[in-house]
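Values below: every heavy atom of this structure, side chains too, minus hydrogens, waters and symmetry copies.
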Amino acid sequence: MGLMLIDQYAEKFDVTKFKDEYSDSLLNIIKAKSKGKRAKVKKLTPHKTAGTDLYDQLMESLKVKKGA
């Protein structure tokens, strides 16, 4: 089942799809502090899941088609 899930989402790695948001955010904080301003920091919110059973979550993820 785990291999089926991996195969469903596996694709060639394309580095251009990703952006280093951490470095950009850190640089903005440094620039703001150097000007004597308070930097804005995004608050992270946890993502809630429907169930706590890992097996059920894996089975549901297998039902979802790739790219949906």
**Message:** Run the side-chain hydrogen bond (donor to acceptor under 3.5 Å, both in side chains) test against Lys19 and tell me which residues pass, sequence neighbours left out.
**Reply:** none
**ring pair (Phe, Tyr, Trp, His ring centres under 6.0 Å) involving Phe18 - partner list, sequence neighbours excluded** = Phe13
**Item:** Reference residue Asp14; test side-chain contact (heavy atoms from CB on, under 4.5 Å); the match among Lys12, Glu11, Lys17
**Value:** Lys17
Side chains of residues 25-33: which donor-acceptor partners sit under 3.5 Å, not counting sequence neighbours?
from	atom 1	to	atom 2	distance (Å)
Asn28	ND2	Asp24	O	3.3

**Message:** Going by salt bridge (charged side-chain N to carboxylate O under 4.0 Å, His left out), name the residues that satisfy it together with Lys37, two or more places apart in sequence or in a different chain.
**Reply:** none
**Message:** Checking Met1 now: which residues fulfil side chain to side chain contact (heavy atoms under 4.5 Å, CB included) with it, not counting sequence neighbours?
**Reply:** Tyr55, Leu58, Met59, Leu62
**Under the side chain to side chain contact (heavy atoms under 4.5 Å, CB included) test, residues paired with Asp20 that sit two or more places apart** = Tyr22, Ser23
